[in-house]
Amino acid sequence: MATPLLRVEQLSKAFGGVLAVSEVSFELGAGELLAMIGPNGAGKSTCFNMLNGQLAPDSGRVVFDGRDLIGRRPREIWRMGVGRTFQIAATFGSMTVLENVQTALLSRERRVFSLLSRARDQMRDEALALLDRVGMAEQADRACSVLAYGDVKRVELAMALANRPRLLLMDEPTAGMAPKERNELMALTRDLVAERRLSVLFTEHSMDVVFAYADRIIVLARGQLIAEGDAESVRADARVQEVYFGSGRTFERSEA
């Protein structure tokens with residue numbers, strides 16, 4: 001790997017006497033789709049929340065494009081080019097699809113609503129272009145509250161792209177989606193990685209998604225990184241087999 005865009009070094013976090021993340025280190029290159037997997041309680045969400053400033057680590061470093069992220073607030077990290085989507089999609093249900101994306105664009109430009117220019121009239125063309133890229137332009141005038149969940153996830157992705165991120169953190173991007181929707185969203189994400197040389201780190205429970213779309217996989221268990229590599233090597237790793245299934249079972253079939 002060339003000089004990594006993201007470098008995580010010995011990251012640790014404890015809550016009381018429980019060590020949620022213990023000396024986790026990994027790298028992410030430009031234009032790479034990296035999956036972070038592990039059973040419930042493995043430390044994935046805690047790790048994610050330290051990467052974008054929602055949690056302060058007890059020790060370790062997070063370096064993005066040569067700049068240390070530790071001690072910075074989420075808004076500052078966002079402005080540096082780190083976007084995020086959430087397990088439960090974060091959109092404004094009472095606003096239209098278009099208005100949601102316009103709001104994200106206005107935030108990027110640090111512009112506020114003016115009495116002389118309504119929000120719905122600002123940055124409309126760029127918002128529509130983003131919606132077109134994620135396949136939601138035809139639903140631009142619908143309220144987010146009436147959308148199917150898979151479509152809400154697409155709107156959230158358009159909002160995350162509004163800040164022109166170089167790194168996108170996606171926490172359980174396909175949670176609650178049907179298999180067809182899962183594959184469509186991850187295929188779209190992979191296309192965006194290639195088009196924009198976007199780096200993506202995503203957590204995921206669906207092994208079919210992980211093995212089909214990730215360039216590389218890292219595996220956490222009890223707060224520690226226990227395996228790293230491509231789909232084939234991770235699938236065959238004895239420690240991963242033990243963590244997921246106990247001895248004697250393998251990833252012969254992906255989860256639906």
Side-chain angles (χ1 to χ4, degrees), residues 1-12 20-52 60 62-64 82-87 157 166-175 177 179 182-194 197-247 249-256:
M1 182 188 297
T3 302
L5 181 67
L6 177 71
R7 189 171 74 250
V8 177
E9 301 175 352
Q10 302 292 300
L11 203 61
S12 296
V21 174
S22 178
E23 298 185 346
V24 168
S25 300
F26 63 89
E27 296 180 346
L28 175 61
E32 185 178 23
L33 192 59
L34 176 65
M36 176 187 291
I37 67 171
N40 290 333
K44 303 185 300 296
S45 292
T46 299
C47 191
F48 250 56
N49 288 335
M50 288 189 286
L51 297 183
N52 81 322
V62 178
V63 180
F64 170 68
V82 180
R84 179 168 180 179
T85 67
F86 294 84
Q87 182 174 350
L157 178 57
R166 297 181 62 197
L167 169 64
L168 183 58
L169 307 175
M170 303 179 75
D171 192 1
E172 298 284 353
T174 70
M177 299 173 71
R182 289 204 302 260
N183 283 299
E184 288 175 348
L185 183 68
M186 292 310 299
L188 170 61
T189 301
R190 187 168 61 184
D191 287 346
L192 290 167
V193 166
R197 199 157 173 75
L198 179 65
S199 299
V200 175
L201 173 65
F202 71 102
T203 65
E204 185 57 63
H205 281 295
S206 298
M207 292 300 101
D208 58 334
V209 168
V210 171
F211 291 140
Y213 294 101
D215 295 317
R216 244 180 349 112
I217 303 165
I218 57 177
V219 187
L220 299 185
R222 297 181 180 178
Q224 296 182 315
L225 195 152
I226 64 167
E228 180 176 1
D230 61 18
E232 183 177 355
S233 63
V234 168
R235 191 194 302 264
D237 190 283
R239 293 168 300 175
V240 177
Q241 297 289 347
E242 180 66 28
V243 163
Y244 270 94
F245 297 131
S247 59
R249 293 186 61 189
T250 65
F251 285 110
E252 291 178 359
R253 292 181 60 115
S254 298
E255 296 177 4

CA sep, side-chain torsions, deciding dist, call: Val200, Thr189, side chain to side chain contact (heavy atoms under 4.5 Å, CB included)
CA-CA 8 Å; Val200 175; Thr189 301; 4.2 Å; yes
Spatial distance of atom [atom1] ([X]) from atom [atom2] ([Y]) [nearest 0.5 Å]:
X	Y	atom1	atom2	result
Leu201	Arg216	CG	CZ	9.5 Å
Ile37	Ile218	CD1	CD1	9.5 Å
Leu51	Leu6	CG	CG	6.0 Å
Glu27	Leu34	CD	CG	11.0 Å
Ile226	Glu242	CD1	CD	9.5 Å
Phe64	Leu167	CZ	CG	5.5 Å

Side-chain contact, heavy-atom cut-off 4.5 Å: [X] with [Y]?
X	Y	answer
Met50	Val62	no
Leu169	Asn52	yes
Met177	Leu185	yes
His205	Lys44	yes
Glu23	Leu11	no
Phe202	Glu172	no

Using the rule given for side chain to side chain contact (heavy atoms under 4.5 Å, CB included), can you reason through Phe211 versus Arg235, listing the C-alpha separation, both sets of side-chain angles and the distance that settles it, and then say yes or no?
CA-CA 9 Å; Phe211 291 140; Arg235 191 194 302 264; 3.6 Å; yes
Does any donor atom in the side chain of Glu32 or Ser199 lie under 3.5 Å from an acceptor atom in the other side chain?
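Per modelled atom types, Glu32 and Ser199 side chains form no pair under 3.5 Å.
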Will you find, in the side chains of Thr46 and Asn49, an N or O donor that is under 3.5 Å from an N or O acceptor?
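Not at all, the side chains of Thr46 and Asn49 share no donor-acceptor pair under 3.5 Å.
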Ion pair Arg182/Asp208, N-O distance below 4.0 Å:
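Yes, this pair counts.
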Is a salt bridge present between Arg84 and Asp171, judged by a nitrogen-to-oxygen distance below 4.0 Å?
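Yes, charged N to carboxylate O under 4.0 Å.
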Backbone N or O of [Y] within a donor-acceptor pair of the [X] side chain at under 3.5 Å?
X	Y	value
Asp215	Leu33	yes
Tyr213	Ala35	no
Ser22	Gly223	no

Write down the atom of [X], the atom of [Y], and the distance for their closest heavy-atom approach.
X	Y	value
Cys47	Met36	SG-CE, 3.8 Å
Val24	Leu220	CG2-CD2, 4.0 Å
Glu204	Ser206	OE2-N, 3.2 Å
Val234	Glu228	CG2-C, 4.2 Å
Tyr244	Gly38	OH-N, 2.9 Å
Val193	Gly31	CG1-O, 3.4 Å

Arg190 atom CZ, neighbour heavy-atom count above 12 within 6.0 Å:
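Yes.
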Would Leu188 and Leu157 count as a side chain to side chain contact (heavy atoms under 4.5 Å, CB included) here? Give the steps.
CA-CA 10 Å; Leu188 170 61; Leu157 178 57; 3.8 Å; yes
Between Met170 and Phe86, does a side chain to side chain contact (heavy atoms under 4.5 Å, CB included) hold up when you go through it step by step?
CA-CA 6 Å; Met170 303 179 75; Phe86 294 84; over 6 Å; no
